[in-house]
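Just so you know, these numbers use all the heavy atoms, side chains as well, and skip hydrogens, waters and symmetry mates.
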Amino acid sequence: GVRPPGTPEYGARFRSIAPQAVQIVLSGPVSLEDGPDAHGLWTVVCGPGESEIIIAGGPEYPECLEHTEAAMALGMESVLARTREHWGTILAGIALPPLEGPLGAAIAQAAEDTALIIACQQSVEGGVVAGHNYCLAYVRDQYGTSRALLAMGLHTRARAILDFYWHIFQRHGLVHNA
């Protein structure tokens, strides 16, 4: 069903202090249906054939609408090409030691998958959240994440974590660990 404007759909546990608007546009044999539970979760139902789902956002509804219209004007192939180029650039930085044997390809794929997840969760300031339910960049988690980034050869992303804490220290004179 159609939800009233302003209905929270995601992030009800940790709300943003910044305003945000999100719009979903569906085309083809795809629909959003109410879930069976009391939380109002939606189910994406894809019928046979080709469908497109555009999710766009912005700090206020006018910007959200502009972003939605821009994505629709670009078209799926253009957006997909830009997305592949963006992530290809990030993942091209992975530098693993030579991987041989039957697990070599699986290890390389696991490294790429891990790098992708970390990149999705790393802020422009450099901190990495542990997951979507954990909105803080904890020191312990940053340590493990930085080790993974260094092992994959993603030194710039690992350095960004140090910069994140350095800037916190410069502002506050200390770094808290939860």
Contacts under 3.5 angstrom, residues 82-93 side chains, donor-acceptor by atom type, not counting sequence neighbours:
from	atom 1	to	atom 2	distance (Å)
Thr83	OG1	Val79	O	2.8
Thr89	OG1	Glu85	O	2.9

Under 3.5 Å, which donor-acceptor pairs link side chains of residues 52-70 to any protein atom two or more places apart or in another chain?
from	atom 1	to	atom 2	distance (Å)
Glu63	OE1	Glu60	N	3.4
His67	ND1	Gly57	O	2.5
His67	ND1	Glu63	O	3.3
Thr68	OG1	Gln23	OE1	3.0
Thr68	OG1	Cys64	O	2.8

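Taken from CG in Leu116 to CD1 in Ile94, the straight-line distance is 9.0 Å, to the nearest 0.5 Å. The CG atom of Leu150 sits 11.0 Å away from atom OG1 of Thr145, with the distance rounded to the nearest 0.5 Å. Here OG of Ser51 is found 8.5 Å from CG of Leu26. Values are rounded to the nearest 0.5 Å. Distance check: Glu125 CD to His167 NE2 gives 10.0 Å after rounding to the nearest 0.5 Å.
Cluster annotation: Val128 and Val175 are assigned to the same hydrophobic cluster (Ile/Leu/Val/Met/Phe/Trp/Tyr, side-chain heavy-atom contacts under 4.5 Å, transitive). Both Leu103 and Leu99 belong to a common hydrophobic cluster when Ile, Leu, Val, Met, Phe, Trp and Tyr are linked at side-chain heavy-atom distances under 4.5 angstrom. Linking Ile, Leu, Val, Met, Phe, Trp and Tyr residues whenever their side-chain heavy atoms come within less than 4.5 Å places Phe164 and Phe169 in a single cluster. Residues Val25 and Leu80 are members of separate hydrophobic clusters, defined by side-chain heavy-atom contacts under 4.5 angstrom among Ile, Leu, Val, Met, Phe, Trp and Tyr.
Side-chain N or O atoms of Gln121 include one that pairs as donor or acceptor with a backbone N or O of Val129 at under 3.5 Å.
Residues Pro48 and Pro29 come closest through the heavy atom pair O-CG, 3.0 Å. Closest heavy-atom contact between Tyr165 and Tyr138: OH-C, 3.3 Å. Residue Met152 comes nearest to Leu96 through the heavy atom pair CA-CD2, 4.0 Å, listed as atom of the first residue, atom of the second, then distance.
Within a 6.0 Å sphere centred on CE of Met76, other residues, nucleotides and ligands contribute more than 12 heavy atoms.
When each of Asp113, Leu149, Leu154, Ile161 is tested with Ile118 by the rule side-chain contact (heavy atoms from CB on, under 4.5 Å), just one qualifies, namely Leu149.
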Run Val44 and Val30 through side chain to side chain contact (heavy atoms under 4.5 Å, CB included) and show every step you take. CA-CA 7 Å; Val44 178; Val30 61; 3.9 Å; yes
